[in-house]
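Whatever order the structure lists ligands and atoms in, that order sets their numbers, starting from 1.
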Amino acid sequence: MTHQHGLLSGKVSLITGASSGIGAATAKLFAREGAAVVLAARRVDRLHALVSEIRRTGAEAAYIAMDVSQEEDVRRAVEFTVEKYGRLDLAFNNAGVGCDHESMHLMQQETYDDVMGTNVRGVWHCLQHEISAMLHNGVGGSIVNNSSVAGLQAIPAGAPYIASKHAVIGLTKAAAAEYAPQGIRVNSVAPGTTRTEIIAGWFDRNPGLEEQLHRATPQARTAEPEEIAQAVAWLCSDRSSFVTGAVLPVDGGYTLM
Ligand code: NDP
């Protein structure tokens, strides 16, 4: 069933890291709220299955295989969206990789490069190409970058992850300030621990960590991906029309403590 009166009805959206977790939940929610969705990530089998599932509801959905760390791939993803649906209105720059805590002075250089290449350079590439498309369209747009509570404070993760998520907030603020006059809003969400593949692996490798994080969280639980998606949908929608450059914690109160 399509939703002509949904929160995002008639909008065209691009979601990176849409093959699982928060990105997949956001793609499904955007579709339910009436947007056409382009799902982007590397695992084609996952993307294919998700797009079939979304299309069965009557919504518009397509996918493109891409790696956010490669500028050419990001350019292709934005071009694909514009060719398929005519323009780009909304983007959720969500693709990211985790990084376990280990002593900084012992870490491999490759770890730093991998995490920064995906989490920071990936968002950088996306912002550049999405903003270009939105400027060309001439009617503004709304972009949400996925940071983390690790973008606001140190958490029990690797230093490159914490640095990368702080950088996502820096890019968000810079882009928000620069493109506000053209009607492009740029915000970020800072999710707390959310039940996805990144987190399942992190909890498996670190027994007791989930309980430790629950003790540090006033709501004392792990989020469902849909709860993050709801905040992203609101930030992408016209209902948040005077919100730009913001960082919205969606963390059950974790960053209050
Ligand atoms: P998942 O591992 O389920 O999702 C990560 C997504 O990013 C996958 O779709 C993956 O797809 C994609 N991805 C990874 N690297 C690349 C790349 N180079 N190019 C394109 N896509 C890529 O975990 P989450 O849903 O939890 O993670 C989504 C985002 O949420 C990340 O940025 C993460 O840092 C952030 N976050 C997560 C939290 C949590 O507790 N879960 C908390 C705070 C923030 P594929 O492998 O198919 O490319």
Show me the donor-acceptor pairs, under 3.5 Å and distance only, between side chains in residues 243-251 and residues at least two apart or in other chains.
{"unit_1": "Thr244", "atom_1": "OG1", "unit_2": "Val186", "atom_2": "N", "d": "3.1"}
{"unit_1": "Asp251", "atom_1": "OD1", "unit_2": "Gly253", "atom_2": "N", "d": "2.9"}
{"unit_1": "Asp251", "atom_1": "OD2", "unit_2": "Tyr254", "atom_2": "N", "d": "3.4"}
{"unit_1": "Asp251", "atom_1": "OD2", "unit_2": "Thr255", "atom_2": "N", "d": "2.8"}
{"unit_1": "Asp251", "atom_1": "OD2", "unit_2": "Thr255", "atom_2": "OG1", "d": "2.6"}

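For the pair Arg185 (side chain) and Leu235 (backbone), a donor-acceptor distance under 3.5 Å is present.
We find that Glu53 and Lys28 are joined by a salt bridge, their nearest charged nitrogen and carboxylate oxygen being less than 4.0 Å apart. A salt bridge is defined here as a Lys NZ or Arg NE, NH1 or NH2 lying under 4.0 Å from an Asp or Glu carboxylate O, and Glu79 with Arg75 fails to meet this definition.
Ordered by chain and residue number, the residues placing a heavy atom less than 4.0 Å from ligand 1 are Gly17, Ala18, Ser19, Ser20, Gly21, Ile22, Ala41, Arg42, Arg43, Met66, Asp67, Val68, Asn94, Ala95, Gly96, Val97, Thr118, Asn146, Ser147, Ser148, Tyr161, Lys165, Pro191, Gly192, Thr193, Thr194, Thr196, Glu197, Ile198, Ile199.
The local environment of CZ in Arg239 is sparse, with at most 12 non-hydrogen atoms from other residues, nucleotides or ligands closer than 6.0 Å.
Summarising the geometry, atom CG belonging to Leu14 is positioned 7.0 Å from atom SG belonging to Cys126; distances are rounded to the nearest 0.5 Å.
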